[in-house]
Amino acid sequence: MFFWIIRRDLLLAMRRRSDVLTTLFFFIIVVSLFPLGVGPEMNMLRTMAPGVVWVAALLASMLSLGRMFASDHLDGTLEQMLLSPQSLSMLVLGKALAHWLVTGVPLVLMAPVLGIQYDLTGEALLVLTVSLLLGTPVLSLIGAIGAALTLGLRGGGVLVSLLVLPLYIPVLIFGAGAVEASAAGLGAGAHMSLLGAFLLASVVLAPWTAGASLRISME
Amino acid sequence: MPVLQGKSLECVRGDRRLFHGIDFTLESGGLMQVQGPNGSGKTSLLRMLCGLALPAQGEILWDGTSIRALKGEYYAAMTYLGHLGGVKDDLTAIENLRVSSALAGVDIDEKQAHDALQHMGLGGRELLPAKVLSQGQRRRVTLARLLVCGTALWILDEPLTALDTAAVKLVRGLMERHLEHGGMIVMTTHQELEIAAGATQQLKLA
């Protein structure tokens, strides 16, 4: 059933491509605005690149959080999910994974291309991409908790950002920090390990928490 | 055979008490019709029975064990069709049926889904996205789940809304066959519906 959920969400995303594309274009445009605004100051661009790309990734991933459970809530599919004999945590994990495949992976693939605008070296681009690869699933998983908690609330979109953005901070710090550390010659290993640890912790804890939140929201 | 029991159930919405002291026992082959005017708590009661909502007081027992404790085991024996059909606009009728069956723990193949939809009178429309179907046809897609679920207890909230007379007859036949085979049904409806059942009971909510 885990695979059914992923398959279904990917299929729905395929049939509604505009949702996926808005997230990706948002990311591309926000990242591209900074070099235009700041001007062609190479050294400054190089130092701000990781932070800008990461902040844009956070915002882009949050943009689509509202949709994670909302449409299932509206048409009654969510009731079916809560009444499924299979574990709700697995189901939420499947939905978060589908969310990452649809919104996170395109960002990861796009990041090295956008990094060129900031005159990043090949190594820095690689570190940036790997850090995003480890970090963006965490964003989807933590976001699932926020999306579940704010389900069916008025103004849920604003509330979800207030709930979720503070929780994204550690990922932002270590994700952007990885690139800086590698540029400073310290190696990105420590930062990557921490990002990996965040990922493992959120894979274990977030689906369970989001499942419990869904049950509360539906009562 | 399993038994569904409700013991002194009470429902509170805000500071209004919708109902209290509801007791019932539903045995194999039994049909329970929940009746009452709009806003009397019919849907709330059904949501309690399927475990989506908690009763303010009282408990619901499946074979003598509380459904809160059984969880997955109870869900595997129960099918709930609510107001919202759980039909996705962007999926075709077949995909909708297969996904909702998979969610209910029953994997069905393309052929089974096709046959169930055909039986519900949707032959030739299985491959259309649900958004182009009419209300009644969407309802039929939802009801097709009853054909493939194989569960003992059906909890149906207004299953007949938007259905034409032919479909109502179809659903009635479906329910009668289910009861004959020892199934149980809890349902609400505002329409007159004569269903031949071993034991019919009516629960009136004031």
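So you know, we letter chains A, B, ... as the sequences are listed, proteins then strands, and number each from 1.
Both the backbone and the side chain of B:V99 have a heavy atom closer than 4.5 Å to some heavy atom of chain A. Looking at B:R145, the atoms closer than 4.5 Å to chain A (heavy atoms on both sides) all sit in the side chain, from C-beta outward. With a 4.5 angstrom heavy-atom cutoff, A:L78 does not touch chain B via any of its atoms. B:E73 does not touch chain A: none of its heavy atoms, backbone or side chain, sits under 4.5 Å away. For a residue to count as touching a neighbouring chain, one of its non-hydrogen atoms must lie under 4.5 Å from one of that chain's; by this rule A:S87 does not touch chain B. Proximity to chain A is absent for every atom of B:N96, based on heavy atoms less than 4.5 angstrom apart. Looking at B:K88, both its backbone and its side chain come within 4.5 Å of chain A, counting heavy atoms on both sides.
A distance-only check finds a donor-acceptor pair linking the side chain of B:H178 to the backbone of B:A152 [under 3.5 Å].
Contact count against chain A (heavy-atom pairs under 4.5 Å) is highest for B:G105 among B:G105, B:G82, B:P129. Interface summary for chain A: among B:S100, B:A77, B:G51, the most heavy-atom pairs under 4.5 angstrom belong to B:S100. Between chain B and the options A:M14, A:R7, A:R16, A:M218, the largest number of non-hydrogen pairs under 4.5 Å is found for A:R16. Ranked by non-hydrogen atom pairs under 4.5 Å with chain B, the options A:L83, A:L11, A:L88, A:T77 are led by A:L83. Highest contact tally toward chain A, considering only B:R47, B:M78, B:K71, is held by B:R47 [criterion: heavy-atom pairs under 4.5 Å].
At a cut-off of 3.5 Å, with distance as the only test, a side-chain donor of B:H83 or B:T43 sits close to an acceptor on the other residue. Looking only at atom types and distance, the side chain of B:T188 has no donor-acceptor partner in the side chain of B:Q33 under 3.5 Å away.
Between B:R140 and B:D164, at least one side-chain N (NZ, or NE/NH1/NH2) sits under 4.0 Å from a carboxylate O, which counts as a salt bridge. Using a 4.0 Å cut-off between charged side-chain N and carboxylate O, A:D72 and A:K95 make a salt bridge.
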Decide side-chain hydrogen bond (donor to acceptor under 3.5 Å, both in side chains) for A:W100 and A:S61; before the verdict, give the C-alpha distance in whole Å, the side-chain angles of both, and the deciding distance to 0.1 Å.
-> CA-CA 8 Å; A:W100 176 67; A:S61 135; over 6 Å; no
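Of the options B:L52, B:L18, B:V12, a side chain to side chain contact (heavy atoms under 4.5 Å, CB included) to B:S44 is made by B:L18 and by none of the others.
Residues B:Y75 and B:L70 are not in side-chain contact: their nearest non-hydrogen atoms beyond the backbone lie 4.5 Å or more apart.
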